[in-house]
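Reading through the structure tokens given below for one structure.
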Amino acid sequence: MSRFDEVDDQYDPHELEQQVFEYWDEVDAYEQTVEHRSDGESYFFVDGPPYTSGSAHMGTTWNKSLKDVYLRFLRMQGYDVTDRPGYDMHGLPIETRVEERLGFENKQDIEEFGEENFIQECKDYANEQLEGLQEDFQDFGVWMDWDDPYRTVEPEYMEAAWWGFSKAADRGLVEKGHRSISQCPRCETAIANNEVEYEDVEDPSIYVKFDLADRDGSIVIWTTTPWTVPANTFVAVDEDGDYVGVRAEKDGEEELLYVADAKHEEVLKEGRYDDYEVVEELSGEELLGWSYEHPLAEEVPDHVDAEGAFEVYAADYVDTDGDGTGLVHSAPGHGEVDFERGRELGFPIFCPVGGDGVYTEEGGKYAGQFVKDADPEITADLEDNGALLASGTVNHSYGHCWRCDTGILQIVTDQWFITITDIKEDLLENIEDSEWHPEWARDNRFRDFVEEAPDWNVSRQRYWGIPLPIWTPEDRDDDEDRIVVSDREELAERVDQDVDADDVDLHKDTVDDLTITDGDTTYTRVPDVFDVWLDSSVASWGTLDYPSDDSRFDELWPADFILEAHDQTRGWFWSQLGMGTAALGESPYQEVLMHGHALMPDGRAMSKSKDILIDPHEAIDRHGRDVMRMFLLSNNPQGEDMRFDWDGMQTMENHLRTLWNVFRFPLPYMRLDEFDPTETTLEDVDEDLELIDEWVLARLQSTKAEMTDAFEDRRQDRALDALIEFVVDDVSRFYVQAVRERMWAEEDSGSKRAAYATIYRVLRESIALLAPYAPFISEEIYATLTGEDGFDTVHMEDWPAVDEYFQDDRLEVDVSLLRAIEEAGANARQQAGRKLRWPVPRVVVAADDERVVDAVERHTELLEDRLNAREIELVSPDDRWEELQYSAEADMSELGPAFGDRAGQVMNALNEARIDEPSLEAIEDAVSDVLEDGEEITDEMVSFVTQTPDSVAGTAFGTDGDDRGVAYVDASLTDDIESEGYAREVIRRVQEMRKDLELDVEERIALEFSIDDERIADLVSDRKDLISEEVRADERRDVEDGHRKEWEVEGVTIEIAIEPLAAAEASD
RNA sequence: GGGCCAAUAGCUCAAUUAGGUUGAGCGCCACUCUGAUAAGGUGGAGGCUCUCGGUUCAAAUCCGAGUUGGCCCA
């Protein structure tokens, strides 16, 4: 492309973006950009790997766009950025998808299909999904190393997980444990607490009486899981709670029931007792040690049989005024808190339920039944045994498997743990080493989570994952003797079989058969795979292929920057910190940017399954990639959610269209004049720079400074605001308007060259500033501006630095004052009912300070021109314009302290007062009614406001909310003004009629017009030469066949007819 | 049920990070300009700052309770 080539009149994102894609391909734009920075300082970014199920949604799109804008920014700042994208490809979600595809129902189907085949299916599925994501991300214009993403299923990466785990083991942080975990009975695996999703469901709600063994009566418990009653081991109470004994009567029989005082009415109501009476008041402490009979002792013969079982104990999880009865049925074989307390009390852990949720032989009568199916039978048996006080149902939120939506069960099984709780202090300390945006995310949310984090259960009884690299002796069931393998090399060395370290696949089907023999002992592998969260937790070194490739680890690790949404606080932010600390004792990242979620326009969460979503592809179809990116990036990235908004998208498109117009406006002139930016630089035209040029260059400097600061604060949205304000407000609406005439001039001049050089610099730097946000349009404009002289891509440009030479705060203020005066003048004009087309005799500028005086004096002509005023009259701050009246405005920050609770009253009086001169005496006099003895109005309390005479309208002007003066437009009429005003009206109508005929700008016409008011007709005829020139009328004569129209203008009727001269000649 | 975050114009957000008469952009309406023209300019309407209490002469801002939404956890 050569410089200043013709460009489309219209900004058409789709065509443009397609061309840019092709162009990037053609010149290897990405590769060149990476190479260009290869000598720069290293910057280690780690991509949080999206999970490979499903396609990119608006949230991922926002996430990747944010990453892209920061990576591009960092590159422009000169860093050699590590930008390897990653994909999280293991785990239960993919297994369940594949199971669905294959029509599987349970683990047995998988075993029949074959582990190896199943793993292959999972791999294929994950890779398929990965391709879709890759395509989407590239389509959004994200620049990362797409040719070489890290995949958690590759041996190099899996090895990184092994290595991290073995380091943790070396540090004594790996142990096998018997724990209460959340189990999905369908997937037949433990799932992590953060994989449990809560949903409202209807469950049984039963009240059960446990008969007391050595005294009268029963204690009453409540549960929504009858199936846990067989495993009951003890009952817990709140030591400090209040309990009562109640004598209750139903159907003529009396019972003695013990429940919490706060709950007794509710419980007795549930039990439909006819009458009752509180007969005893006890503290929880008094209940301790009471023993009771297991209500299903016969049905479950293997029930717990231990010293001290079936007695009442204290536990801190009991609440006497929550749900239930204040006495809690506790089964250490199921509930997590029950388990902890049961262990403290030294009870055996009785769990008669298998991983599939079916009672084992220990379940006695219920053996072989799925626990939830056994609920009715158990309830019935309790009733038969006389233990059921009430039974019904309850709606409550209950945990479900995040993938298959099956209700989870709490059971106790053998699992492997990283004992995070042993290094809690280190974790909390390491938090301090990372900088978070926003800060509260770290100091509130994240810290709270880390403080409460339990040991990390990393084992899953599934197939598609990184196998645990643990080998244990064949016949032992503890973790006293174990081998943790750290990498493929060690594996090849130690196993009994022949393994090639370079091409061994580490998946379950491969490693399950490998054994290790040490002396007389044969070790076999623990069959579990890792929790998928462990996969991504090692990304900071997995990205570098460490340990198999150790060339960059020392230099780069830990990561400089990570950027994810707030759901990762408990996800990746946490798992990385946990793993980094367990394996290496350090936080694996130094800076975190935590963004929010993408919400629907009405604020609802997006949800693919409910079809509540906005598809990024639709956004692209409607507005293009640049617009979508700019919209996404214009949102605060720090912790707050973003509402998608189609109007916001449209606004961004309008801004880009404005930019496009600004960019293409000077091109024809530059082409015509053969302007060469390499020959005519800003330095060359320094002498000829006009004030407005210097001003726009000064604004450019402060825009760059503001943007850089905002970027460094991780507020790219504020940087974008600053850029848009500069381009749309300062460049388009002001600079281009002001500079047009200089470019129209046909002869060469210093002034014109200065304007060219200025706008060239402005455009070129603005486009560099825009490039991280809108890489496509930036590329196109950059290519047109630079031709052969620039880089092959704008993304190789340096981030524009502030040029001190052009910094000029004073000038920026001056021009903002002039613009404020101009705006106020336009406002005042409108109030006075005088259109801009009509000149006004004078505009009076009353300046509040010398700066304003200064600015107006230097730019009187500019102001006259812009305001279409015959004269500008300046009133200096020391003087008053004597034609004015005054009122006073109160300053509450002064009135408040002085008048206390009467401040409001005084304010109203001040605001209503009207006085002839702006003096304290006058105003005090006017508000004397509300002033009490000794009170006075001081200078600081009021500012005086002008009241204008007729035919004059005044509007205050100011900058940044501070008043700096008032512009008064005197709209009175004179013959001269009416003459020009009406003449301009005629000109404007003729121009419109020329447009009706679609005449060329240069085409000559014959003109006829008549005005039905004699005085005005005379006035207008004084300006007939002006009219003829402006509308290119060579002849003033009667027009017969031409275009004829009648207009109503400012109370008179004007009839106009025109005819192109060429047409008239042809018809002669 | 608990923790964190948010709530200001129809929409998206500001309000100088220990209170002082609420602002911008977009949208809407009216007017206007016409050598960027499916552009540009000016104005207007539109707010009990989510609710209820409290502190204070004065609260969008500080405190307490609640409501709604989002995320996380149980």
Side-chain angles (χ1 to χ4, degrees), chain A residues 9-11 182 193-194 196 198 317 319 322-323 336-337 396-399 438 440-441 443-449 452-453 565-571 574 594 596-599 601-605 631 634-636 638-652 654-655 657-658 660-668 717-718 721 724-725 728-729 732-734 736-737 740-741 743-744 822-831 833 835-837 866 889-904 906-908 911 955 960-961 987-988 991-992 995 1001:
Chain A
D9 285 355
Q10 298 298 322
Y11 165 55
S182 297
N193 284 337
N194 56 11
V196 176
Y198 288 82
Y317 52 81
D319 187 4
D323 291 335
E336 201 174 325
V337 287
H396 67 153
S397 86
Y398 188 78
W440 56 257
D443 294 335
N444 300 335
R445 222 178 146 124
F446 195 51
R447 181 176 301 280
D448 288 352
F449 182 72
E452 288 164 22
H566 45 40
D567 54 327
Q568 297 302 334
T569 311
R570 268 100 167 137
W574 158 243
M594 185 193 89
H597 277 189
L599 307 181
D602 59 8
R604 285 177 302 166
F631 170 75
S634 70
N635 287 281
N636 184 347
Q638 298 195 9
E640 289 187 31
D641 291 334
M642 166 204 48
R643 284 194 196 198
F644 191 83
D645 176 30
W646 289 111
D647 282 346
M649 290 278 288
Q650 185 59 54
T651 302
M652 283 302 161
N654 293 345
H655 288 154
R657 186 175 298 118
T658 301
W660 188 258
N661 287 337
V662 169
F663 148 68
R664 73 188 182 85
F665 152 73
L667 294 182
D717 57 318
R718 292 196 158 156
D721 284 347
I724 288 172
E725 191 187 334
V728 174
D729 223 47
S732 172
R733 290 184 189 160
F734 197 71
V736 167
Q737 292 296 332
R740 279 187 300 181
E741 288 187 40
M743 296 204 185
W744 297 336
E822 188 190 329
E823 255 174 53
N827 181 334
R829 240 174 191 289
Q830 186 151 333
Q831 284 180 43
K835 320 177 205 185
L836 187 57
R837 201 183 291 139
R866 290 222 163 212
E889 222 171 66
D891 182 347
M892 280 312 281
S893 62
E894 297 292 338
L895 282 187
F899 290 94
D901 57 2
R902 289 177 40 252
V906 175
M907 175 190 79
N908 287 333
N911 288 352
T955 299
D960 302 326
I987 291 166
R988 144 108 175 80
Q991 299 289 29
E992 191 167 323
K995 211 169 189 174
V1001 185

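Protein chains get the first letters and strands the later ones, always in sequence-line order, with residue 1 at the start of each.
- Residue A:G648 comes nearest to A:F631 through the heavy atom pair C-CD1, 3.8 Å, listed as atom of the first residue, atom of the second, then distance.
- How far CG of A:N635 is from CD of A:E640: 9.5 Å, rounded to the nearest 0.5 Å.
- Going from the C1' atom of B:rC11 to that of B:rU56 covers 35 Å, rounded to whole Å.
- For the pair A:R740 and A:G648, nearest-nucleotide mapping onto RNA chain B gives the more 5' position to A:G648.
- Comparing B:rA15, B:rA36, B:rG70 by their closest approach to the side chain of A:F665 singles out B:rA36.
- Among the heavy atoms of the strands lying under 4.0 Å from A:T651 are primed sugar atoms or P, OP1, OP2 only; no base atom is included.
- Between B:rG10 and B:rC73, the two P atoms lie 36 Å apart (nearest whole Å).
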Across nucleotides 4-11 of chain B, 5' to 3', mark each nucleotide with B, S or - according to how protein heavy atoms within less than 4.0 Å reach it. BS-----S
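- For B:rC28 and B:rU67, the C1' atoms lie 31 Å apart once the distance is rounded to whole Å.
- Nearest nucleotide to the A:N635 side chain, out of B:rC73, B:rC13, B:rG40: B:rC13.
- Between the P atom of B:rC73 and the CG atom of A:D567 lies a distance of 9 Å, rounded to the nearest Å.
- Contacts of A:S634 with the nucleic acid, taken as non-hydrogen atoms under 4.0 Å apart, are absent.
- Nucleotides B:rA15 and B:rU21 place their P atoms 16 Å apart, quoted to the nearest Å.
- A:P438 and A:G639 make their closest contact through CD-N, 3.9 Å (heavy atoms, listed as atom of the first residue, atom of the second, distance).
- With RNA chain B read from its 5' end, the first of the two nearest nucleotides for A:S732 and A:Q568 is the one closest to A:S732.
- Separating the CG atom of A:N661 from the C1' atom of B:rA38 is a distance of 10 Å, rounded to the nearest angstrom.
- Taking the C1' atoms as reference points, B:rU32 lies 45 Å from B:rG70, given to the whole Å.
- In this structure, A:F631 places its CZ atom 12 Å from C1' of B:rC26, rounding to the nearest Å.
- Distance A:N654 CG to B:rG25 P: 15 Å, rounded to the nearest Å.
- A:W646 places its CH2 atom 25 Å from the P atom of B:rG25, with the value rounded to the nearest Å.
- The main-chain N or O of A:H597 is found under 3.5 Å from a side-chain atom of A:D641 such that the two form a donor-acceptor pair.
- Each of B:rC73, B:rG70, B:rA36 was ranked by its minimum atom distance to the side chain of A:Q737; first place goes to B:rA36.
- For the pair A:H655 and A:T651, the minimum side-chain heavy-atom distance is below 4.5 Å.
- Look at CZ on A:R718: it is 18 Å from P on B:rA24, rounded to the nearest Å.
- When the C1' atom of B:rG40 is taken as reference, atom CG of A:D729 falls 12 Å away, rounded to whole Å.
- Applying the ring-ring contact (aromatic ring centres under 6.0 Å, His included) criterion to A:F665, with sequence neighbours excluded, gives A:Y669.
- Paired regions of RNA chain B, where each region holds three or more successive Watson-Crick or G-U pairs whose two hydrogen-bonding distances fall under 3.5 Å, are B:1-7 with B:67-73, B:10-13 with B:23-26, B:28-32 with B:40-44, B:50-54 with B:62-66.
- On the P atoms, B:rG25 is 16 Å away from B:rA14, given to the nearest whole Å.
- Comparing the C1' positions of B:rU12 and B:rA30 gives an interatomic distance of 25 Å, to the nearest angstrom.
- When distances are taken from the side chain of A:H566 to each of B:rA36, B:rA14, B:rG70, the shortest belongs to B:rG70.
- What separates CD of A:E822 from P of B:rU32 is a distance of 19 Å, to the nearest Å.
- Minimum interatomic distance between A:S634 and A:M652 (heavy atoms only, all atoms of both residues): CB-CE, 3.6 Å.
- Residues A:A565 and A:G596 approach most closely at CB-O, 3.7 Å, considering heavy atoms.
- Taking CZ of A:R718 as the start and CG of A:N636 as the end, the distance is 7.0 Å to the nearest 0.5 Å.
- Of all the heavy atoms in A:W440 and A:M594, the pair that sits closest is CH2-CE, 3.9 Å.
- Base orientation of B:rA30: anti, since the glycosidic angle falls outside 90° of 0.
- In this structure, A:E452 reaches neither bases nor backbone, as no heavy-atom distance under 4.0 Å exists between it and the strands shown.
- Comparing the C1' positions of B:rC13 and B:rU22 gives an interatomic distance of 14 Å, to the nearest angstrom.
- Residue A:T569 comes nearest to A:F446 through the heavy atom pair O-CE1, 3.3 Å, listed as atom of the first residue, atom of the second, then distance.
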